[in-house]
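Working notes, structure below.
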Amino acid sequence: MSKKGSTATASPNIAFIKYWGNRDHALRLPANTSLSMTLANLRTETTVFFDDDLQSDQIEINGSPASEKAVARVSQHLDLIRSLAGSPAFASIRSQSNFPSGAGIASSASAFAALTAAASTAAGLEMDKKQLSILARRGSGSAARSIFGGFVQLYSGEVNDDGYAEQLAPANHWQLVDLIAVVTKEHKSTGSSEGHLLAPTSPIQVSRVQDAARRLEICSRAILQKDFLALAQIIEQDSNLMHSVMMTSNPPLLYLEPESISIMKHVTHWREDGLEVCYTVDAGPNIHCICSSDDSVEVERQLRLIDGVLDVFRCPPGNGVALTSSNEQTPQ
Ligand code: DP6
């Protein structure tokens, strides 16, 4: 009996310049180039064993058997890796995250980054980080960015091989903190994959995408020059544009809850009062408050006083995907 296994860990990321909509859904080539910060302290650890004796993929997520939908998505991703490796064996997979999934904390990013690294290594493929990011993108667009640490760009790409991520600046470049104000730990009703399909139904998606290069340029410059005010203005505009597209698609998607709006208004006031803080929101109701390290203690204290804030996760810039073990012979 032959078993080959590997374990990898990866962190989610928060997009400062977001993508929404795909130019190619099958290849998950995003509609526009995006830019994110990889998040320390949150992580997914995934172990993959290919086993000639298995009759199908066996997938456990956070201690329970995966849903049919999750099995189909993970197996489709493994099929890609099996075809690249020329080896048909099914796999047993165990994945564990230390944060709630499906609530706008990009669990698919860390999950598919860790899965791609663990499965490709277990399958005997030797890939550099650029190749890993291309492959991870096929599982979840934002996962391509979680291959790298620090501040990371994902090119939208015209064809499969130019839709890859690369690092703009390492994690220690700028000590920003993402304080994630959690207002719900429930799974969101419409996942990003379905949301991307709806993006073209919004009349403002075309202008959001057309203007993305301008926003990306301002954001990259703000990061490289550590200009907090410039960063704050552009990432709030980018997030609001994406939510405007979501709200004006058909059917409309409204991810923000009353508590989300309340936090966003507080953040605006805090910045007017001199704190270095701004907000950005993914496809969920939780609010990512990006702040300078110096002001993060005061922002966290004030966030915890707001009604409806259930928890606050504190995430400085983090590292990219890492293999923690490889080529074990028996499942642990
Ligand atoms: C709002 O990467 O979650 O977080 O490929 O369907 O998994 P799938 O989409 P996903 O989309 C990311 C959407 C976003 C913005 C961003 O991270 O750029």
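Bear in mind that the values here come from a model prediction, so they are computed numbers and not experimental data. Read the numbers this way: they start at 1 and go in the same order the structure lists the ligands and their atoms. FYI, the numbering just counts along the sequence from 1.
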| Considering all heavy atoms of both residues, which atom of Ser97 and which atom of Asn62 are nearest to each other, and what is their separation? | N-OD1, 2.8 Å

| message | Only heavy atoms of His196, strictly under 4.0 Å: list the atoms of ligand 1 that pass. | response | 6 (O), 9 (O), 10 (P), 11 (O), 12 (C), 13 (C)

| field | Pairwise side-chain contact, Arg138 with Leu27, heavy-atom cut-off 4.5 Å (strictly under) | value | yes

| query | Is there any N or O on Gly141 that sits under 3.5 Å from an N or O of ligand 1? | reply | yes

| Is Arg73 in contact with ligand 1, taking contact as a heavy-atom separation below 4.0 Å? | yes

| query | With a 4.0 Å cut-off on heavy atoms, is Met242 touching ligand 1? | reply | yes

| said: Under a 4.0 angstrom heavy-atom cut-off, which atoms of ligand 1 come close to Ser140? | reply: 2 (O), 5 (O), 7 (O), 8 (P), 10 (P)

| message | Quick test of your reading of the structure: of Ser146, Ser193, Gly195, Pro30, whose heavy atom lies closest to atom 6 (O) of ligand 1? | response | Ser193

| task | Please could you name the atoms of ligand 1 that Ser108 approaches to less than 4.0 Å, counting only its heavy atoms? | result | 3 (O), 7 (O)

| message | Is it the case that the side chains of Ser249 and Ser202 hold a donor-acceptor pair, with the cut-off being a distance below 3.5 Å and no angle test? | response | no

| request: Have a look at His25, Arg28, Met246 and point out the one with the heavy atom closest to atom 8 (P) of ligand 1. | output: Arg28

| note | Taking only non-hydrogen atoms of Lys18 and a 4.0 Å limit, the atoms of ligand 1 in range are 15 (C), 18 (O)

| Distance-minimising heavy-atom pair for Phe99 and Ser110 | CZ-OG, 3.4 Å

| field | Heavy-atom pair with the smallest gap, counting every atom of Glu259 and Asp307 | value | CG-O, 4.2 Å

| request: Just jot down the ring pair (Phe, Tyr, Trp, His ring centres under 6.0 Å) partners of Trp174, sequence neighbours excluded, or say none. | output: none

| message | At under 4.0 Å between heavy atoms, is it the side chain or the backbone of Ala15 that contacts ligand 1, or both, or neither? | response | side chain

| query | Strictly by modelled atom types, are Thr9 and Arg43 linked by a side-chain donor-acceptor pair under 3.5 Å? | reply | no

| field | ring pair (Phe, Tyr, Trp, His ring centres under 6.0 Å) involving His196 - partner list, sequence neighbours excluded | value | Tyr19, Trp20

| Any idea which part of Ser142 is under 4.0 Å from ligand 1, heavy-atom wise: side chain, backbone, both or neither? | both

| message | So, regarding Arg145 and ligand 1 (criterion: nitrogen or oxygen to nitrogen or oxygen, under 3.5 Å), is there a contact or not? | response | yes

